[in-house]
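One structure is given below, encoded as structure tokens.
Hydrogens, waters and symmetry mates are skipped; everything else that's a heavy atom, side chains included, is used.
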Amino acid sequence: MKRIVEIKDARKTQSADIASLIMTAMTDDCCLHFCGVGYGLEDFHRMMTALVEREDSQYSYLNTLVATDGDRLVGIAVSYDGGRLHELRQAFIQAAKEYIGKDHSAMDDETQAGELYLDSLAVLPDYRRQGIARLLLKATKEKASRMGISRVGLLVDKGNPAGEALYHSVGFRYADDSSWGGHPMKHLVM
């Protein structure tokens, strides 16, 4: 069956589904790494949903492109101006203390000025290997152009060769090594 998938700007009403897909991109291990003692994935999802609903968060619906199949949200690409990281991260730092009992104010930077940082890319399992991630990546590059930013950057887990191959296939190239969420990463740029 041929699916008709559209890429469009996210709506606030999609926040819980967007949060779930951000967590898919992050992986459960990574989400749990960010949680304080006694907190789990449900707490993390509540926090992420609240962050997606905000307009001043790096995870805001305003920073999100969605792939939809009819009314169903099937994929997301969350990206923002890397030069605004510290400003946008304040919402995460605040929410992490409240929802997951941990202070992340000393977190390392994952991006910098001069790039549109692709924070999260995820597609529902039933919709994978159908070109949706490529459509979201193309739309993210177009978003960067509209914003006057010439480079898109992202981090990919060194243990995710399939993800890295996807990024290379659409024009990303290796920039340097990094780490995030307790995992060794590669910084790729396009």
Side-chain angles (χ1 to χ4, degrees), residues 3 5 7 10 17-35 40-42 44-45 47-49 51-52 57-60 63-69 73-82 85 88-89 92 96 100 102 104 107-112 114-144 149 151-190:
R3 301 181 198 260
V5 173
I7 307 298
D17 290 336
I18 293 167
S20 294
L21 280 165
I22 291 171
M23 290 175 65
T24 297
M26 293 173 87
T27 75
D28 287 352
D29 285 346
C30 187
C31 294
L32 290 170
H33 169 81
F34 283 108
C35 290
L41 294 175
E42 287 181 22
F44 198 88
H45 186 264
M47 177 188 75
M48 292 307 298
T49 299
L51 288 170
V52 173
S57 158
Q58 66 201 87
Y59 299 107
S60 174
N63 296 329
T64 305
L65 296 170
V66 294
T68 59
D69 179 9
L73 192 149
V74 301
I76 54 112
V78 180
S79 61
Y80 56 86
D81 180 344
L85 173 65
L88 295 171
R89 183 180 278 164
F92 177 83
I100 57 174
K102 205 159 179 189
H104 287 292
M107 186 185 304
D108 290 337
D109 290 352
E110 61 211 73
T111 185
Q112 66 273 324
E115 73 179 17
L116 180 69
Y117 180 66
L118 179 58
D119 187 287
S120 305
L121 176 73
V123 175
L124 290 176
D126 291 352
Y127 286 80
R128 292 182 185 156
R129 304 215 182 279
Q130 297 177 36
I132 296 169
R134 289 177 187 279
L135 291 172
L136 287 162
L137 289 166
K138 180 180 179 214
T140 299
K141 180 65 174 166
E142 291 166 359
K143 176 181 171 181
I149 300 173
R151 183 170 94 167
V152 177
L154 60 85
L155 295 181
V156 62
D157 193 304
K158 287 186 177 182
N160 183 3
E164 187 175 349
L166 167 68
Y167 297 129
H168 284 298
S169 76
V170 297
F172 280 92
R173 66 188 187 291
Y174 172 82
D176 52 35
D177 287 331
S178 187
S179 67
W180 187 84
H183 295 272
M185 305 288 239
K186 289 182 182 180
H187 178 214
L188 306 181
V189 296
M190 172 172 62

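Open room surrounds NZ on K138; 12 or fewer heavy atoms of other groups in view lie less than 6.0 Å from it.
For the atom pair L85 CG and Y117 OH, the distance stands at 9.0 Å (nearest 0.5 Å). Atom CD in E164 sits 11.5 Å away from atom OG in S169 (nearest 0.5 Å). R129 CZ to L166 CG: the interatomic distance, rounded to the nearest 0.5 Å, is 9.0 Å. The distance from atom CG of L116 to atom NZ of K141, rounded to the nearest 0.5 Å, is 9.0 Å. If you take CG on L65 and CD on E142, they are separated by 9.5 Å, rounding to the nearest 0.5 Å. One distance of note links CD1 of I22 with CG of L121; it measures 11.5 Å at 0.5 Å rounding.
What you find for S20 and H45 is that their closest heavy atoms are OG-NE2, 2.9 Å. Considering all non-hydrogen atoms of both residues, L32 and G40 come closest at CD2-CA, 4.0 Å. Between L73 and L124, the closest heavy-atom pair is O-CD1, 3.4 Å. The heavy-atom pair separating C31 from L41 by the smallest distance is CB-CD2, 3.7 Å. The shortest non-hydrogen separation linking N63 to K143 is O-NZ, 3.1 Å.
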Original post:
Hey, mind stepping through H187 and D177 against side-chain contact (heavy atoms from CB on, under 4.5 Å) and telling me if it holds?
Top reply: CA-CA 6 Å; H187 178 214; D177 287 331; over 6 Å; no

**OP:** Just do the side-chain contact (heavy atoms from CB on, under 4.5 Å) check on Y174 and V189 with the steps written out, would you?
**Re:** CA-CA 7 Å; Y174 172 82; V189 296; over 6 Å; no

Subject >> Working for side-chain contact (heavy atoms from CB on, under 4.5 Å), residues I7 and L136 >> reply: CA-CA 7 Å; I7 307 298; L136 287 162; 3.8 Å; yes

Original post:
When you look at M107 and F92, which way does the side-chain contact (heavy atoms from CB on, under 4.5 Å) test go after all the steps?
Top reply: CA-CA 11 Å; M107 186 185 304; F92 177 83; 3.3 Å; yes

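Annotation: side chain of Y167 is not in contact with side chain of K186 (no heavy-atom distance under 4.5 Å).
Paired with L154 under the rule side-chain contact (heavy atoms from CB on, under 4.5 Å), one option of L118, D119, T140 passes, and it is L118.
Scanning for salt bridge (Lys or Arg N to Asp or Glu O under 4.0 Å) contacts around D109 gives R89, with sequence neighbours left out.
Taking the six-membered ring where tryptophan is involved, the planes of F34 and H104 are perpendicular, since the angle between them exceeds 60° and thus also 30°.
When atom types are taken as modelled, the side chain of T27 and the backbone of M23 share no donor-acceptor pair closer than 3.5 angstrom. Checked by atom type and distance alone, the side chain of R134 never pairs as donor or acceptor with a backbone atom of V170 at under 3.5 Å.
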